[in-house]
Q: 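Quick one: the structure is below, questions incoming.
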Amino acid sequence: MTNTDTSKIIDGRAVASKVEAEAAAAVLKLKEKGIAPKLVTVLVGEDPASQMYVRMKHKACERAGILAENCIKPADITEKELLAVIDALNKDKTVSSILVQLPLPRHINEKEIMNAVSPDKDPDGFHPFNMGSLMINEEGLVPCTPKGIIRLMEEYNVDIKGKNAVVVGRSNIVGKPMAAMLLNRSATVTVCHTSTKDLKSYTKEADILVAGTGVKHLITQDMVKEGAAVFDAGIVTDETGTYGDVDFENVIKKVSLITPVPGGVGPMTIAILMTHVVKCAEIIAAAENKK
Ligand code: GUN
């Protein structure tokens with residue numbers, strides 16, 4: 001085996017295809033029961049990156065047989081108007097999932113908007129109810145990127161229990177929920193962030209290292225443990241190319257498993273989102289049956 005043996009590279013695209021196929025099969029089962037899962041994305045303004053992400057989510061819905069609509073609003077929409085949009089979608093029985101693409105314009109309070117989405121229609125898992133459930137080890141609708149990383153760990157037989165897991169980054173979307181999911185699976189978890197002193201002293205101890213900072217090549221070869229499993233949720237595009245948080249070319253020489261960027265964690269986020277749209281439809285149907 002050479003130092004850069006391709007067997008070390010986690011194929012996020014392949015696992016994402018498998019997850020999407022599972023979602024598609026679940027959609028067929030729901031349709032047999034007369035339930036058609038439907039995602040409505042809410043896109044505010046004309047940020048090209050957000051437009052691209054929303055397009056990718058719609059294409060994934062098409063592949064999975066999920067109905068999808070895009071609700072586009074101008075950048076100068078007021079918070080009150082946007083809350084009214086969310087309220088109408090919450091009440092619409094044909095809508096199973098609502099995804100408000102972030103970031104929102106600065107005059108809108110993101111927390112207010114996240115709180116307004118019905119927790120049952122929250123495929124992103126960002127609502128405080130869903131986040132709180134995750135914290136008490138009741139994982140239902142959870143943030144898609146860390147859930148995708150957990151699925152990659154399962155697919156590649158990465159043992160979590162009792163391992164030292166270090167998460168670099170403390171965002172609400174990646175770092176914090178990642179730490180909770182690893183803790184729920186009995187890892188010993190350390191969370192590092194911008195105020196951490198001597199980052200390397202922590203990362204060098206990691207059997208499992210997850211980076212989600214958006215800082216290009218923050219994690220270098222000297223910072224990782226021999227044989228570690230490394231998951232890179234960062235993505236930075238500049239004039240020279242697309243990069244992750246991890247210096248892949250050099251770090252791969254030392255570790256046992258690593259996700260590339262692109263083609264690692266990224267495709268998993270959207271695939272997991274599809275499974276969550278299915279889950280929302282199932283939750284709503286179960287609640288209806290109880291009535
Ligand atoms: N913006 C960046 N990542 C995400 C995500 O996972 N969900 C939503 N809704 N917006 C995002």
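Indexing begins at 1, ligand by ligand and atom by atom, following the structure's order.
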Q: List for me each residue that meets salt bridge (Lys or Arg N to Asp or Glu O under 4.0 Å) alongside D222, sequence neighbours excluded, and say none if there are none.
A: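 D222 satisfies salt bridge (Lys or Arg N to Asp or Glu O under 4.0 Å) with K200 only.
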
Q: Walk me through it: do I66 and K38 pass the test side chain to side chain contact (heavy atoms under 4.5 Å, CB included)?
A: CA-CA 6 Å; I66 293 168; K38 176 170 157 186; 5.7 Å; no

Q: Any carboxylate oxygen within less than 4.0 angstrom of a Lys/Arg side-chain nitrogen, looking at E22 and K18?
A: no

Q: Which protein residues come within less than 4.0 angstrom of ligand 1, counting heavy atoms only?
A: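 Those residues closer than 4.0 Å to ligand 1 by some heavy atom are K57, L99, V100, Q101, L102, D124, F126.
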
Q: May I ask you to check whether over 12 heavy atoms, not counting those of E154, lie within 6.0 Å of atom CD?
A: yes

Q: Check the pair D87, N90 against side-chain hydrogen bond (donor to acceptor under 3.5 Å, both in side chains), reporting the backbone distance first and the verdict last.
A: CA-CA 5 Å; D87 186 47; N90 281 337; 4.9 Å; no

Q: For a side-chain hydrogen bond (donor to acceptor under 3.5 Å, both in side chains) check, start with the C-alpha distance between D245 and T213, then their side-chain angles and the critical distance, and finish with the verdict.
A: CA-CA 7 Å; D245 287 358; T213 68; 3.0 Å; yes

